[in-house]
Amino acid sequence: MTEPNEALRQGLHALAEQAGPLSASATEVISRVKRRRRVRAVGVGSISVLAVTGILVGSRFLSPGQHSNGVAGPSLSAHAGPSHRTSAGILPAPPGSPRRFACGAMLAGPLRTRTANGLTLSVDGVSHTSTTSPPRVQITLSTTRSSRYELSNDTGPRILILRDSQIVAGQELPASSKPVPETRPFTLILPAKPTPRSLTLTKSQVCDGTSWAEIWQHHPQYQLVVVTSTISLDVPPPTPGIPPAPNNPLIVAQAPLP
Amino acid sequence: MADWTDAVVRLLTERGSTLKRYAFLLCGDRTEADDLVQDAVIRAFARLGATASSLDAEAYVRRCILNAVIDRRRRSIRWQRIKPLVASRSDSPDIADAVGRKIDVQAALEALSPRQRACVVLRHYEDQSVGAIATQLQCGEGTVKRTLSDARHKLMPYLEAAGREQLR
């Protein structure tokens with residue numbers, strides 16, 4: 001095949017000579033390169049901005065029962081034993097949207113404060129009528145000055161049962177994948193003295209893998225938490241040099257189960 | 001003037017004709033070869049950094065030309081498959097008729113698939129090794145050898161005619 005290959009090679013070189021000179025303007029090529037580079041830079045910049053925005057928006061609205069990869073965390077129908085604990089915490093609610101408490105979510109860290117906006121929450125007593133019933137809780141809301149607060153039904157006061165800081169039972173726990181219904185806030189006027197109130201765990205739900213019998217039987221392993229958040233309607237004028245405190249922090253009071 | 005603009009000018013003036021010959025062999029059309037080279041140079045310098053030299057760019061430009069030709073031919077082959085439905089039989093090229101009319105190597109190359117044509121040009125015009133061709137086409141060396149063999153088989157009528165011409 002050497003001779004045919006040589007003939008082919010000669011034929012190709014002869015054909016290539018018929019191509020003629022290149023007719024392309026260097027100026028036009030340079031201007032098109034510049035234009036393409038600009039488009040490319042704008043495209044990369046836009047994609048970067050969109051990606052960062054998406055990450056910020058996604059992390060803001062990620063519910064407590066969801067992992068960062070977007071997979072829904074354990075809801076009420078999911079197993080919520082200690083081996084299935086999630087790393088998600090209770091996220092501060094964005095303005096205008098309710099906080100969400102889901103099975104398996106962690107209640108941890110800086111949210112453990114008993115006083116906010118001059119309002120202090122404490123648990124005075126926990127009782128239960130039978131080993132299969134939810135607890136009845138006595139709480140006290142107290143203020144140092146007479147003030148008006150706006151309470152919302154979605155954030156309490158709400159009772160949660162924790163095991164190793166993980167929610168295993170609670171009051172009207174929403175499934176993490178379902179939106180929380182809008183609730184109408186109501187105004188609470190508190191005098192400048194302790195105001196005891198009684199809470200019952202109504203519409204209580206226990207996460208899968210747990211039962212009230214199990215909770216009462218092994219009560220030292222569990223912890224009762226009352227959470228609420230308020231908006232003070234009588235915000236004092238800001239002191240010069242001191243930044244104002246956030247207006248709807250989560251107030252958490254804890255108590256052991258009897 | 002920036003470095004890369006100098007590199008563009010140098011590449012087009014010093015290597016432009018060579019690149020066009022390469023593109024012309026791959027596509028078989030002078031106007032299309034001009035477009036191929038120009039598009040490849042634009043793509044190369046838009047993607048390469050500001051310090052790209054003409055030498056760096058030429059290899060990238062050749063790769064762009066090759067990929068563009070194969071992609072375009074694939075698209076045109078789809079058209080050729082349905083072309084008999086709308087065209088008369090005499091419109092279709094025939095390699096035997098072409099050889100009978102002593103048509104040149106360009107017509108013979110038209111009978112090859114894009115990949116076969118690329119292999120033939122790279123092997124017999126660019127004198128590249130089978131391994132280098134396999135790297136450029138992103139396939140195995142065995143595939144290149146088989147493709148070259150198939151191409152030679154299709155070109156055999158042309159090659160035999162060329163041999164007879166040399167004997168005269």
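All values below were derived from every heavy atom in this structure, side-chain atoms included, with hydrogens, water molecules and symmetry-related copies excluded. Chain letters run A, B, ... following the sequence lines, proteins first and then strands; every chain starts at 1.
- In this structure, chain A has heavy atoms under 4.5 Å from both the backbone and the side chain of B:Ile42.
- For B:Asp127, the part lying near chain A is the side chain, with the backbone staying farther off; criterion is any non-hydrogen pair under 4.5 Å.
- Across all their heavy atoms, B:Asp34 and A:Ser23 have their closest contact at OD2-OG, 2.8 Å.
- Side-chain contact check for A:Leu15 versus B:Tyr125: every heavy-atom pair is 4.5 Å or farther apart.
- Only the side chain of B:Asp39 comes within less than 4.5 Å of a heavy atom of chain A; its backbone N, CA, C and O stay farther away.
- For A:His13, the NE2 atom is densely surrounded, since the number of other residues' heavy atoms within 6.0 Å is greater than 12.
- B:Arg123 does not touch chain A: none of its heavy atoms, backbone or side chain, sits under 4.5 Å away.
- Rounded to the nearest 0.5 Å, atoms CG (B:Leu109) and CG (A:Leu8) are 7.0 Å apart.
- For the pair B:Ala46 and A:Arg36, the tightest heavy-atom approach, listed with the atom from each and the gap, is CB-CD, 3.5 Å.
- Of all heavy-atom pairs spanning A:Val33 and B:Val41, the tightest one is CG2-O, 4.5 Å.
- With a 4.5 angstrom heavy-atom cutoff, A:Arg32 touches chain B via backbone and side-chain atoms both.
- Only the side chain of A:Glu28 comes within contact range of chain B, judged by heavy atoms closer than 4.5 Å.
- Residues B:Leu25 and A:Leu12 are in side-chain contact: their nearest non-hydrogen atoms beyond the backbone lie under 4.5 Å apart.
- The shortest non-hydrogen separation linking B:Phe45 to A:Arg37 is O-NH2, 2.6 Å.
- The shortest non-hydrogen separation linking B:His124 to A:Arg9 is O-CG, 2.8 Å.
- More than 12 heavy atoms of other residues, nucleotides or ligands shown are found within 6.0 angstrom of CZ on B:Arg62.
- Shortest non-hydrogen contact noted between A:Val29 and B:Val8 is CG1-CG1, 3.8 Å.
- Atom-to-atom distance recorded for B:Arg15:CZ and A:Leu22:CG is 12.5 Å, nearest 0.5 angstrom.
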